[in-house]
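Here the structure is laid out as structure tokens; the discussion comes afterwards.
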Amino acid sequence: MNEEPNNIPSAGTSTSSAASDELEKVSNEIYKMIAVEGEASDSQAGVMDCAGKDREQYFRVFHPWSFYPASPDQLDEAMKHLKQELPKHGWKIVQYGPDRSRNKNLTLTADNDERKSSVKITQDAKNDRPKLSLMLISGCYQIPAGQEIERF
């Protein structure tokens with residue numbers, strides 16, 4: 001991946017709506033990899049700035065969502081499937097293990113160079129309703145000449 005000085009890879013040129021559609025597709029692919037029965041929260045992608053870059057020219061998209069297994073005891077299985085399946089689909093797991101929270105939630109972070117995306121998955125087993133919390137984020141896009149970045 002072509003790393004920029006602030007470690008955010010360039011994702012190429014796109015409109016913000018096309019980039020958010022693409023990231024939502026990536027989320028959908030990850031949802032299929034979970035491979036246990038359950039439901040996903042219905043959330044939209046959003047647009048944010050690229051740190052240290054002109055906010056009129058550059059942007060990133062992010063997509064937060066949650067997965068709720070049909071049965072709480074399937075949470076471990078869902079995380080295990082993701083740990084096995086993500087690398088088979090071009091994702092490189094860069095961090096896996098308990099986070100620093102009081103609950104020591106199991107966390108997985110993976111990057112996909114081809115998709116210019118990163119995902120952080122946190123297993124919230126001690127929530128009232130156990131879930132996986134997912135946050136996908138893109139690399140830095142440049143808006144095509146003559147276009148404006150839509151903020152949503």
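Hydrogens, waters and symmetry mates play no part in the numbers below; they use all other heavy atoms, side chains included. Remember, it's a predicted structure, so these values are computed and weren't measured experimentally. FYI, the numbering just counts along the sequence from 1.
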A cation-pi test, strictly: NZ or CZ of Lys131 under 6.0 Å from the centre of the six-membered ring of Phe67 and no more than 45 degrees from its axis. Yes or no?
no
Gln123 to Met79 - nearest heavy-atom pair and separation:
OE1-CB, 3.2 Å
Looking at every non-hydrogen atom in both residues, tell me the closest pair between Thr109 and Ser118 and how far apart they are.
CG2-OG, 4.3 Å
Minimal heavy-atom distance between Met135 and Pro64, with the atoms involved, is CE-CB, 3.8 Å
Ignoring hydrogens and angles, tell me if any N or O in the side chain of Ser138 forms a donor-acceptor pair with the backbone of Val61 under 3.5 Å.
yes
Does any part of the side chain of Arg60, heavy atoms only, come nearer than 4.5 Å to the side chain of Ile8, both counted from C-beta?
yes
Following the transitive rule for hydrophobic clusters with a side-chain heavy-atom cut-off under 4.5 Å over Ile, Leu, Val, Met, Phe, Trp and Tyr, establish whether Ile30 and Ile93 coincide in one cluster.
yes
For Tyr141 and Phe59, take the angle between the two ring planes, folded into 0 to 90°, and tell me which bin it lands in: parallel under 30, tilted 30 to 60, perpendicular over 60.
parallel
Minimum side-chain heavy-atom gap Ser43-His63 below 4.5 Å
yes
Could you grab the distance from atom CZ of Arg100 to atom OG1 of Thr107, nearest 0.5 Å is fine?
10.5 Å
Verify same cluster id: Tyr96, Val119 (apolar side-chain graph, 4.5 Å)
yes
What is the minimum heavy-atom distance between Ala125 and Leu75, and which atoms define it?
CA-CD2, 3.5 Å
Residue pair Val36, His81: steps toward the side-chain contact (heavy atoms from CB on, under 4.5 Å) verdict
CA-CA 9 Å; Val36 301; His81 284 172; 4.0 Å; yes
Strictly distance-based, threshold 3.5 Å: is any side-chain N or O of Lys53 a donor or acceptor partner for the main-chain N or O of Cys50?
no
Using every non-hydrogen atom in the two residues, find where Gln74 and Ala70 come nearest and quote the distance to one decimal.
OE1-N, 3.7 Å
Modelled atom types, side-chain donor and acceptor of Asn112 and Ser117, under 3.5 Å
no
Neighbour count above 12 (heavy atom, 6.0 Å) for Asp42 CG
no
Euclidean distance, His89 NE2 relative to Leu82 CG, rounded to 0.5 Å
11.0 Å
Nearest-0.5 Å distance that lies between atom CD in Gln57 and atom CD in Gln142
6.0 Å
Dump the intermediate steps for side-chain contact (heavy atoms from CB on, under 4.5 Å) on Ile137 and Met48, then the final yes or no.
CA-CA 10 Å; Ile137 192 158; Met48 62 189 276; 3.5 Å; yes
Could you verify whether a donor N or O on one side chain and an acceptor N or O on the other, from Ser101 and Asn103, lie under 3.5 Å apart?
no
What one should report as the nearest heavy-atom pair of Ala110 and Leu86 is CB-CD1, 4.4 Å
Cluster check Phe152, Phe62: I/L/V/M/F/W/Y, side chain < 4.5 angstrom:
no
Between Thr122 and Asn105, does any side-chain donor sit less than 3.5 Å from a side-chain acceptor?
no
Does Arg129 come within less than 4.0 Å of Glu39, counting only side-chain N to carboxylate O?
yes
Pair Lys88 + Glu85: basic N to acidic O under 4.0 Å
yes
Between side-chain atoms of residues 13-23 and protein atoms elsewhere (two or more places apart, or another chain), which donor-acceptor pairs fall under 3.5 Å?
{"from": "Ser14", "atom 1": "OG", "to": "Ala19", "atom 2": "N", "distance (Å)": "3.4"}
{"from": "Thr15", "atom 1": "OG1", "to": "Ala18", "atom 2": "N", "distance (Å)": "3.2"}
{"from": "Ser16", "atom 1": "OG", "to": "Glu150", "atom 2": "N", "distance (Å)": "2.9"}
{"from": "Ser16", "atom 1": "OG", "to": "Glu150", "atom 2": "O", "distance (Å)": "3.0"}
{"from": "Ser20", "atom 1": "OG", "to": "Ser16", "atom 2": "O", "distance (Å)": "3.4"}
{"from": "Ser20", "atom 1": "OG", "to": "Ser17", "atom 2": "O", "distance (Å)": "3.0"}
{"from": "Glu22", "atom 1": "OE2", "to": "Arg115", "atom 2": "NE", "distance (Å)": "3.3"}
{"from": "Glu22", "atom 1": "OE2", "to": "Arg115", "atom 2": "NH2", "distance (Å)": "2.7"}

Can you list the residues that meet the salt bridge (charged side-chain N to carboxylate O under 4.0 Å, His left out) rule with Asp49, with sequence neighbours excluded?
Arg55, Arg151
Among Leu132, Leu134, Ile121, which residue meets the side-chain contact (heavy atoms from CB on, under 4.5 Å) test with Leu108?
Ile121
From the list Ser133, Ser27, Ser41, side-chain hydrogen bond (donor to acceptor under 3.5 Å, both in side chains) with Trp65 holds only for Ser27
Candidate pair Met33 and Trp91, rule side-chain contact (heavy atoms from CB on, under 4.5 Å), full reasoning:
CA-CA 12 Å; Met33 288 181 226; Trp91 293 87; 4.3 Å; yes
Run the side-chain contact (heavy atoms from CB on, under 4.5 Å) check on Ile149 and Glu56 step by step: do they pass?
CA-CA 7 Å; Ile149 297 170; Glu56 301 302 316; 5.9 Å; no
